[in-house]
Number of protein chains: 2
Amino acid sequence: MDALFQLSFLLQGWLGRIAAEHDLSPVQVRLLGILRDRQPGMLELARYLELEKSSLSGLVDRAEARGLVERVPSSDDRRATTVRVTALGRQLTRTMTGKVERKMTALLAVLPEKERARLTALVTRVLENAMQLPVE
Amino acid sequence: MDALFQLSFLLQGWLGRIAAEHDLSPVQVRLLGILRDRQPGMLELARYLELEKSSLSGLVDRAEARGLVERVPSSDDRRATTVRVTALGRQLTRTMTGKVERKMTALLAVLPEKERARLTALVTRVLENAMQLPVE
DNA sequence: TATTGTTATACTCTATAACTATA
DNA sequence: TATAGTTATAGAGTATAACAATA
C-alpha cells in the first residue's frame, strides 16, 4: 500500500534532517541507538548494522573522535574490543529522541485518541506478521 | 509512536536491499522514480532530491554511464539540460516496483480486507495532516 | 549581473583484500 | 588454523567554492 511507503519516507526524512542538525549521519544515529542498552563487540555491532567489520572500524573511529563512543578492550579476549556510548553520546541521543517524539506527537494529533490506538494496534499486527515472513 | 517508526525502518530496509540487488543506491532509485513521469532540468531535479546541484552532476553522470538516464539539452535555454529516463531505466524501475509490491502484499495479508482499508484510511489522514505541519 | 551547470576538492560511508595479534 | 580487528585501496554520495557559458 502506497500510503505506508509515503509515511515511511516522511519519517525517515525527519530522522535524517534532525540527525543532520547535529552533524550526524543516519548510520551514526543507528549506532548510538544500538549502544543505548548494550556494549557489544565490533563484530556483533557490524552484524546489527549489517556492515562489514572494516566499515565499522571507520565508523567507530569517527564517532570516537567526536567523543560520542569509546572503545573498551575486552577483559577475557585480548583480540576483542567492545564499544560503549559516552555521556556526550547519550545526551545527544536524548536530544534527538526528544525532537523526533515531538514531531511524531504533532503528526498524530490529528487523530482522536481512540483512532490513534486503533492505528497502533493495526501497525503492531502488521509488524508481528513481518517477523514471520520469509527473509528471502 | 514507536510502531510506525519500526515499520518505516522495515520498509526502507526492503527498498534498500531490493535496490542493492540491482546495484542501485537508494538515491538512484529515487532519481528513477522522479523521472517516471517528468523530464526535469538539473536544478529542478536537485530540488526534488534535496541535493546541491554539484552533487546531482555526479549522480546523473553515474546513472548515465549505466544507461539508465540521459541528458537532453533544453531547446529554449542553451545553458539548461533536462534529464530523461531511458527504456532500460524504466524497465529496471518496473522490476523493482514489482518486487516491492509483492512484499507489501504479503506483509498486509495478515489483515482482513476491512481492517486493511481502515489502516489505509488512518495513514492517509495522518499524511494529510503532515502537509499542514510547519516545515521548520 | 544573474542563472545553469560542471569541475576541483574534501569528507563520510561502504566493500574487498591483505594484514596483525591473539586464540 | 581460525577469529577479532585494523589498514589499504577504491568507488559512491555529499557539500562548498570556483569556474564557464548563456541569459
Side-chain angles (χ1 to χ4, degrees), chain A residues 12-13 15-34 38-84 89 92, chain B residues 12-13 15-17 19-34 39-84 89 92:
Chain A
Q12 297 293 322
L15 275 186
R17 275 185 289 274
I18 289 172
E21 286 174 18
H22 298 276
D23 282 305
L24 284 179
S25 67
V27 71
Q28 297 279 2
V29 174
R30 287 178 63 203
L31 171 64
L32 293 177
I34 287 169
R38 269 180 290 258
Q39 186 178 328
M42 294 292 282
L43 284 184
E44 201 180 345
L45 203 41
R47 230 174 20 249
Y48 279 126
L49 292 168
E50 298 179 89
L51 293 177
E52 290 302 313
K53 55 184 181 173
S54 60
S55 304
L56 198 63
S57 287
L59 196 68
V60 171
D61 282 350
R62 292 183 291 270
E64 198 169 24
R66 284 186 56 182
L68 303 177
V69 306
E70 51 192 5
R71 283 175 166 91
V72 180
S74 168
S75 49
D76 47 278
D77 184 339
R78 286 195 300 172
R79 295 170 303 179
T81 302
T82 66
V83 183
R84 184 166 60 191
L92 191 50
Chain B
Q12 296 293 322
L15 274 186
R17 275 186 287 276
E21 287 174 18
H22 298 277
D23 283 304
L24 284 179
S25 68
V27 70
Q28 295 279 1
V29 173
R30 288 178 61 203
L31 171 65
L32 293 178
I34 288 169
Q39 185 177 330
M42 293 292 283
L43 283 183
E44 202 180 345
L45 202 41
R47 231 176 17 250
Y48 280 126
L49 292 168
E50 297 178 86
L51 292 176
E52 289 302 313
K53 56 186 180 170
S54 60
S55 304
L56 198 64
S57 287
L59 197 67
V60 171
D61 282 350
R62 292 182 291 271
E64 196 168 27
R66 285 186 56 182
L68 301 177
V69 307
E70 51 192 5
R71 283 177 166 92
V72 180
S74 167
S75 49
D76 47 278
D77 185 339
R78 285 194 303 170
R79 294 171 304 181
T81 303
T82 65
V83 182
R84 183 166 59 192
L92 190 51

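Heavy-atom basis, side chains included; hydrogens, waters and symmetry copies ignored. This is a predicted model, so every value here is computed, not measured.
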Axis-to-axis angle between the two ends of the helix from C/dT1-D/dA23 to C/dA23-D/dT1 (five base pairs per end, rounded to 10 degrees): 20°
Distance, nearest 0.5 Å, that separates CD of B/Gln28 from CG of B/Asp23: 10.5 Å
Sugar-phosphate, base or nothing in reach of A/Leu56, heavy atoms under 4.0 Å: nothing
Candidate nucleotides C/dG5, C/dT14, D/dA12, ranked by approach to the side chain of A/Leu59 - the nearest: C/dT14
Distance below 4.0 Å between A/Arg62 side-chain N/O and C/dC11 OP1 or OP2: no
Derivation and outcome, side-chain contact (heavy atoms from CB on, under 4.5 Å), residues A/Leu45 and A/Leu51: CA-CA 8 Å; A/Leu45 203 41; A/Leu51 293 177; over 6 Å; no
For atom CG of B/Leu31 and atom P of D/dT14, their distance in whole Å: 10 Å
Pairwise 5' ranking along DNA chain D for A/Ala80 and A/Asp61, keeping only the more 5' one: A/Ala80
Side chain to side chain contact (heavy atoms under 4.5 Å, CB included) involving B/Arg84 - partner list, sequence neighbours excluded: B/Gln39, B/Glu70, B/Val72
Length of the line joining A/Arg71:CZ and D/dA4:P, which is rounded to integer Å: 16 Å
Closest nucleotide among D/dG5, D/dG13, C/dT6 to the A/Leu43 side chain: D/dG5
Rounded interatomic separation in angstrom, taking CD from A/Glu64 and P from D/dG5: 13 Å
Summary of protein contacts for nucleotides 15-23 of chain C, nucleotide by nucleotide, where a base hit scores B, a sugar-phosphate-only hit scores S (4.0 Å, heavy atoms): BBB---BBS
B/Gln12: partners by side-chain hydrogen bond (donor to acceptor under 3.5 Å, both in side chains), with sequence neighbours left out: A/Ser8
Considering all heavy atoms, the nearest B/Leu32-B/Gly89 contact: CD1-O, 4.2 Å
For A/Ala46, all residues meeting side chain to side chain contact (heavy atoms under 4.5 Å, CB included), sequence neighbours excluded: A/Leu56
Distance, rounded to the nearest Å, where B/Glu44 contributes CD and C/dT4 contributes P: 11 Å
A/His22 side, atom NE2; A/Leu68 side, atom CG - distance, nearest 0.5 Å: 11.5 Å
A/Arg79: salt bridge (charged side-chain N to carboxylate O under 4.0 Å, His left out) partners, not counting sequence neighbours: A/Asp77
Between C/dT14 (C1') and A/Arg30 (CZ): distance, integer Å: 13 Å
Sugar-phosphate, base or nothing in reach of B/Ser57, heavy atoms under 4.0 Å: base
Any pair counted as salt bridge (Lys or Arg N to Asp or Glu O under 4.0 Å), so long as it reaches residues 47-61 of chain B, sequence neighbours left out: A/Arg17-B/Glu50, B/Asp61-B/Arg71
